[in-house]
Amino acid sequence: MRIAVLSDIHEGLNRKNTQTDLMGLLHKWMAAHMPDVFIIGGDMTAGPEKSLALLNQLQQYSPRTKFLFVHGNHDIYHEDSKAAHELLLQFPGNLGNGPVELNDDWVVIGEGGWYDYSFGIPGFTEEQFSNGTYQDFTWPDKIYAHWPGADREQTDRYILKLENWLSEYHGKNIILVTHFVPLSQFVLYKDDPKWDFFNAMQGSFRFGELALKYGVKKYIFGHIHTRYHEQIEGMEIICNPLGYYPHEWSHQTAEEEIFSTIKIIEI
Ligand SMILES: [Fe+2]
Ligand SMILES: [Fe+2]
């Protein structure tokens with residue numbers, strides 16, 4: 001079974017900045033490669049209505065591929081992020097609806113996740129991270145995402161949900177998917193508080209702990225726009241974002257960037 005992996009397409013911004021029909025290119029890639037499953041690790045675009053429409057479009061153009069999705073922070077930018085989360089559950093392949101068994105051996109479990117400041121640096125209070133402002137920059141989620149409670153509470157909800165599913169499928173070969181970062185080694189520390197302060201908003205080590213506790217075979221995440229594919233403690237880790245044009249891309253055209261970035265793994 002062939003599983004394609006991509007996250008952080010940021011369709012709206014990248015379409016505007018490249019003046020290219022990114023969806024058309026994704027359809028073209030699909031027609032050429034036809035994977036059995038396509039896992040999209042969040043940040044499809046900004047706002048739930050647009051993300052949902054793009055996901056439905058992908059699925060309708062390639063009905064023989066099963067598209068699976070977890071939301072990113074940009075997908076739930078809305079005055080009521082809980083309602084945004086619920087709207088995105090209308091996409092049948094949203095892993096927030098429950099685990100998806102690929103065959104007798106393999107199951108995909110996932111949710112977008114959130115952050116609890118556990119990747120933050122010392123010297124700041126919970127309140128400072130919660131406000132999300134350092135000097136003159138405010139983390140965009142603090143302006144555009146609106147959960148009913150604190151960030152930590154939102155993270156707790158995801159941890160609980162994922163652990164219930166992980167324990168239910170314990171013993172199976174599990175592919176775990178979150179948008180947010182599960183392990184500190186994938187968080188970039190620059191020894192500069194102007195950057196490192198915002199690492200608090202990258203994810204939570206608790207997602208990584210869960211994965212190790214339940215012997216997850218493959219962990220797919222996104223959010224950081226740096227590509228990784230490596231083995232850690234017996235777990236295959238894949239972070240495969242498209243990221244922002246132009247500074248995070250290595251090719252001149254959107255077609256080259258998309259076609260060279262989408263990764264196919266086999267189970
Ligand atoms: Fe992103
Ligand atoms: Fe993100």
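Sequential numbering from 1 along the given sequence is applied to the chain's residues. Atoms within a ligand are numbered from 1 in the order they appear, just like the ligands themselves.
In this structure, Lys82 does not pair ionically with Glu153, as no charged nitrogen and carboxylate oxygen lie closer than 4.0 Å.
Taking distances strictly below 2.8 Å, the protein N/O/S atoms close to the Fe ion (ligand 2) are Asp43 OD2, Asn73 OD1, His179 NE2, His223 ND1.
The closest donor-acceptor contact from the side chain of Arg2 to the backbone of His33 lies under 3.5 Å.
If you look at Phe207 and Phe180, their ring centroids are not closer than 6.0 Å.
Ring planes of His71 and Trp147: tilted class, angle from 30 to 60°.
The nearest N/O/S atom of His10 to the Fe ion (ligand 1) is NE2.
A search for side chain to side chain donor-acceptor pair (under 3.5 Å) contacts involving Thr45 returns nothing, not counting sequence neighbours.
Looking at Tyr189 and Asn199, their side chains never bring a donor and an acceptor atom within 3.5 Å of each other.
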